[in-house]
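One-based numbering, in listed order, for ligands and for the atoms of each.
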Amino acid sequence: MNQDQLKQLVGEAARDEVLKFPSGQVLGVGTGSTANCFIDALSPHKDYFAGTVSSSNATTERLLKHGFKVLNPNDVQGLPAYVDGADEIDPAGHMIKGGGGALTREKIIASMANQFICICDASKQVLVLGNFALPVEIIPLAQGAVSRELEKFGGKVSLRLAKNTRADLNQTASEPFVTDNGGWLLDVAGLKITNPIQMEAQINQIAGVITVGLFAKEKANILLVSNAAGVERIAF
Ligand code: 5RP
């Protein structure tokens with residue numbers, strides 16, 4: 001099975017997982033290629049939920065295309081679950097997220113949910129977080145100041161650049177990648193994150209940081225992970 005097939009498999013497992021909830025509730029939906037597989041798998045059941053809250057403009061667009069109702073998070077009291085992928089997940093359910101740049105809204109929606117259901121293929125499971133460069137969303141004018149603070153953690157900091165020119169996002173290739181919130185992203189490579197709770201709190205304290213892509217406080221409650229043998233369900 002290739003990685004796309006593994007993502008599809010876990011997307012379908014997540015669909016089955018959320019259809020165990022009573023109908024008529026609102027579901028939180030994540031961002032990325034694995035979350036897209038989940039959205040596609042759930043689309044025949046779009047009316048099972050009263051609506052969704054979305055973690056990015058890209059996800060909103062996909063949900064609307066499938067006919068899901070997308071609600072403003074401010075109009076929603078709480079969510080039974082938030083379903084999203086991860087760039088890395090450790091054995092305790094702590095994650096690095098933000099490879100797609102949607103970390104801030106992802107963390108907000110995750111904080112509204114009773115359960116974070118993480119969906120990924122087995123390549124995302126690690127013993128210690130940090131092989132994947134840690135994304136940090138910042139206020140653009142704080143780039144220099146935040147970079148200097150982040151370097152103290154021992155990693156190599158780089159400003160994320162847009163890969164492609166996208167007129168809809170007002171982005172030109174090789175200029176800074178601009179998030180849905182107008183922020184920039186710093187990626188910190190070479191970290192060995194042995195205490196994710198502490199590092200998340202410390203990076204959150206730096207002036208100019210909007211969100212760090214360490215999901216330690218908002219860690220996964222359930223992991224659905226696919227490999228050649230099928231999908232494993234792990235509860236933390
Ligand atoms: C986006 C994210 C994604 O969940 C993460 O990057 C995983 O993406 P994919 O499912 O495409 O591997 O955090 O900001």
K.L.:
Evaluate whether atom CG of Asn131 has more than 12 neighbouring non-hydrogen atoms of other residues, nucleotides or ligands under 6.0 angstrom away.
P.N.:
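Not more than 12 within 6.0 Å, no.
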K.L.:
Side chain to side chain contact (heavy atoms under 4.5 Å, CB included) with Ile117: which of Val83, Asn221, Leu27?
P.N.:
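Of Val83, Asn221, Leu27, side chain to side chain contact (heavy atoms under 4.5 Å, CB included) with Ile117 is met by Val83 alone.
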K.L.:
Could Asp84 and Lys97 be called an ion pair, given the rule that one side-chain N must be under 4.0 Å from one carboxylate O?
P.N.:
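Here Asp84 pairs with Lys97 in a salt bridge, since their nearest N and O are under 4.0 Å apart.
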K.L.:
Does either side chain, that of Arg62 or that of Asn57, offer a donor lying less than 3.5 Å from an acceptor on the other one?
P.N.:
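There is no such pair between these side chains.
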K.L.:
Can you pull out the closest protein heavy atom to atom 3 (C) of ligand 1? Residue, atom name and distance to 0.1 Å, please.
P.N.:
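Scanning the protein heavy atoms, the shortest distance from atom 3 (C) of ligand 1 goes to Thr31 O, 3.2 Å.
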K.L.:
Could you tell me the residue and atom name of the protein heavy atom closest to atom 10 (O) of ligand 1, and the distance to it rounded to 0.1 Å?
P.N.:
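Protein heavy atom with the smallest distance to atom 10 (O) of ligand 1: Thr34 OG1, 2.5 Å.
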K.L.:
Distance to 0.1 Å, residue and atom name: give those for the protein heavy atom nearest to atom 4 (O) of ligand 1.
P.N.:
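Answer for atom 4 (O) of ligand 1: Lys97 NZ, 2.9 Å.
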K.L.:
For ligand 1, which atoms, with element, lie under 4.0 Å from some heavy atom of Gly100?
P.N.:
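Every atom of ligand 1 under 4.0 Å from some heavy atom of Gly100: 1 (C), 6 (O), 14 (O).
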K.L.:
Under 4.0 Å from a heavy atom of Gly101: give me the atoms of ligand 1 that qualify, with their elements.
P.N.:
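Reading through ligand 1 atom by atom, the close ones are 14 (O).
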K.L.:
Testing the 3.5 Å rule here: is there a donor-acceptor pair between the side chains of Glu137 and Thr104?
P.N.:
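Judged by distance alone, the side chains do pair up.
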K.L.:
Should the proximity of Cys120 to ligand 1, defined as any heavy atom under 4.0 Å, be assigned to the side chain, the backbone, both, or neither?
P.N.:
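The answer is neither; Cys120 stays 4.0 Å or more away.
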K.L.:
Suppose I only count heavy atoms of Ala102 and a 4.0 Å limit; which atoms of ligand 1 are within that range?
P.N.:
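Near Ala102, meaning under 4.0 Å from one of its heavy atoms, ligand 1 has 14 (O).
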K.L.:
With distance as the sole criterion, is a donor-acceptor pair present between the side chains of Ser56 and Thr31 under 3.5 Å?
P.N.:
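Yes, side-chain donor-acceptor contact under 3.5 Å.
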K.L.:
Give the atom numbers and elements of ligand 1 that come within less than 4.0 Å of a heavy atom of Gly32.
P.N.:
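Those qualifying, in numeric order: 11 (O).
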K.L.:
Is it the case that the side chains of Lys107 and Thr211 hold a donor-acceptor pair, with the cut-off being a distance below 3.5 Å and no angle test?
P.N.:
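Judged by distance alone, the side chains do not pair up.
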K.L.:
Using a strict 4.0 Å cut-off to heavy atoms of Gly85, name the atoms of ligand 1 that fall inside it.
P.N.:
4 (O)
K.L.:
Near Gly98, which atoms of ligand 1 are under 4.0 Å from a heavy atom of that residue?
P.N.:
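Going through ligand 1 atom by atom, the ones under 4.0 Å from Gly98 are 2 (C), 13 (O), 14 (O).
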K.L.:
Among all protein heavy atoms, pick the one closest to atom 1 (C) of ligand 1 and tell me residue, atom and distance.
P.N.:
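For this ligand atom, the closest protein heavy atom is Glu106 OE2, 3.1 Å.
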K.L.:
Give a yes or no on whether the backbone of Leu9 and the side-chain of Glu12 come within a donor-acceptor separation of less than 3.5 Å.
P.N.:
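No: the side chain of Glu12 does not pair with the backbone of Leu9.
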K.L.:
Tell me which protein heavy atom sits closest to atom 6 (O) of ligand 1, plus the residue, atom name and distance to 0.1 Å.
P.N.:
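Answer, as residue, atom name and distance: Asp87 OD1, 2.6 Å.
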K.L.:
Is a salt bridge present between Lys156 and Glu151, judged by a nitrogen-to-oxygen distance below 4.0 Å?
P.N.:
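No, no charged N to carboxylate O under 4.0 Å.
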K.L.:
Give the residue, atom name and distance (to 0.1 Å) of the protein heavy atom nearest atom 12 (O) of ligand 1.
P.N.:
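The protein heavy atom lying closest is Lys124 NZ, 2.7 Å.
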K.L.:
Around atom 9 (P) of ligand 1, find the nearest protein heavy atom and jot down its residue, atom name and distance.
P.N.:
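Of the protein heavy atoms, Ser33 OG, 3.3 Å lies nearest.
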